[in-house]
Number of protein chains: 2
Amino acid sequence: MKTAALPTEDQIDVSTQYIRDSIRDAIVDRRLAPGTKLSEADVGALFNVSRTLVRGALQALSYEGLVNVEKNRGAFVAYPSPEEARQIFATRRLIEPGILREAAKHMGPSHFQHLRQLLMEEGRLMGERGQTARRAEIKASGDFHLMLASMTGNAVMQRFMDELVARSSLVIALYGQSAISSCGHQEHQDIVTAIERGDLDRACHLMIHHIDHIEADLDMRENKSSDLREAFKL
Amino acid sequence: MKTAALPTEDQIDVSTQYIRDSIRDAIVDRRLAPGTKLSEADVGALFNVSRTLVRGALQALSYEGLVNVEKNRGAFVAYPSPEEARQIFATRRLIEPGILREAAKHMGPSHFQHLRQLLMEEGRLMGERGQTARRAEIKASGDFHLMLASMTGNAVMQRFMDELVARSSLVIALYGQSAISSCGHQEHQDIVTAIERGDLDRACHLMIHHIDHIEADLDMRENKSSDLREAFKL
DNA sequence: TTTGGTGAAATTGTATACGATCGACTAAGC
DNA sequence: GCTTAGTCGATCGTATACAATTTCACCAAA
């Protein structure tokens, strides 16, 4: 499932939007490692556009928290600190139960169908092995939360969740332990079931624990070389 | 209380950041009416910078929802529809109780002092009359919520609240009925008191009703000339 | 070998130039 | 007189040029 539609030839309308989405996908998919420098000239050459458009894309990504722009030094794929990660998940715990309740108000049979379909796909991916499958799994896991957000019909909430999920994906890619993420799938299913039964209290409860589990599966010990860099640059 | 410090001479370091803040303040303060066109050349001339920097500022403001950028037509001060306004307040109802609880965890005596001080200032402004005082009142009212958000120590939540408060100010400026906003002040005080007593359930309850009241005080009937404009432009 | 400084190369910050698009006005035709 | 087509001006989209800053390699001195 490509994120950007490819016309027959490669002379697409390569706009800022397209570049932004491409880079974001690459970051969330972990094809771009955290800390990677995104040189304006290099990226521009890659997409055959001038630095102007690249700058716009990088600025947008910096607003989303996926890229850090340092004055006179350039843009880098974000390297979220453990503290940042903690804050992201704290925020999710804070708003996702509310989103769930709000979404439940607007959900009809077709919505449940969509959710179930997504969960099937998610389950299928879990069966597979390999780097690609794991990436797809992380993505699918995020899509579940995004779909719930979209069902609120509230564009503001949706945008907040977009950002939170993207940054979470980055954090998971960084600190995730490959092993246990499979339990998340069952939790998604349980949440949908609880909503379907009208037991929203239980659904919220499950959601919070689900987020707890995601966070607990991370190994966020201070590590790597880059931490020193961060420490002294600030 | 100036928002941007003015050095002795007017040859300040006029960067994108400065332009963005200036425009945002002007929008939130209602010195720029919703729907106003923000021509890149004009704004640039005003700040003595090129269109490049202005574009950056306008793009950032468009992420915040304070400005709408229409392709090949230009940037306009946002004119939030009633539906948008509804979504903004729905989102606030969803996250502010959580912010309140989170903030309460970190609050010590000095924090309460700061809050009380802000409330005093707010009360003082309420006594005065006139356009300027009303603007300051709207701003102070927002600052209360922002201060709570800052006390969570969570940068993500803080940023979300920044955006929500700014957009709320715009909505209030647009649809607000000048009369009744004074009751908000008492509600702020009641909320602080409840937190101070450790009665967080009550504080959350008060907060939600407070937001309800703000929204109820708006007159969001479809109106004005600009709505027609919007209607036909889309 | 390490430390410190200097200069060139690379990269970003900002301004400007030019092509593209949109809107308004005018004029011609019905 | 109203509609419609065409041109002109203004404004935006993108690329490029130039200035400012950083980075890095190289060399000299301790």
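Labels below follow one simple rule: chain letters A, B, ... track the order of the sequence lines, proteins then strands, and each chain is numbered from 1.
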Using atom [atom1] of [X] as one end and atom [atom2] of [N] as the other, report the distance to the nearest whole Å.
X	N	atom1	atom2	answer
A/Lys37	D/dT23	NZ	C1'	9 Å
B/Glu70	D/dA10	CD	C1'	16 Å
B/Glu40	C/dA15	CD	P	13 Å
B/Phe47	C/dA15	CZ	P	13 Å
A/Leu58	C/dG13	CG	P	10 Å
B/Asn72	D/dT11	CG	P	14 Å

Donor-acceptor side-chain pairing of [X] and [Y] below 3.5 angstrom:
X	Y	answer
A/His188	A/His210	yes
A/Tyr63	A/Gln59	no
A/Gln113	A/Gln117	no

Item to check | Short side-chain N/O contact from A/Arg55 to OP1 or OP2 of C/dT12, under 4.0 Å | outcome: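 It does not, given that no N or O in the side chain of A/Arg55 lies less than 4.0 Å from OP1 or OP2 of C/dT12.
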Checklist entry - Counting just side-chain N and O atoms, does A/Arg73 come under 4.0 Å of either OP1 or OP2 of D/dT23? => result yes
Checklist entry - Only one of B/Pro80, B/Pro82, B/Pro34 forms a side-chain contact (heavy atoms from CB on, under 4.5 Å) with B/Val171, so which one is it? => result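 The option that passes is B/Pro80.
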Checklist entry - Considering heavy-atom distances to DNA chain D, does B/Ala75 or A/Ser50 have its closest nucleotide positioned more toward the 5' end? => result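 Looking at the nearest nucleotide for each, B/Ala75 comes out on the 5' side.
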Item to check | Residue mapping more 5' on DNA chain D - nearest nucleotide basis, A/Lys71 or A/Arg51 | outcome: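 Nearer the 5' end of the strand: A/Arg51.
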Next on the checklist: Under 4.0 Å, heavy atoms only, any strand: does A/Thr52 hit a base, just the sugar-phosphate, or nothing?
Outcome noted: base
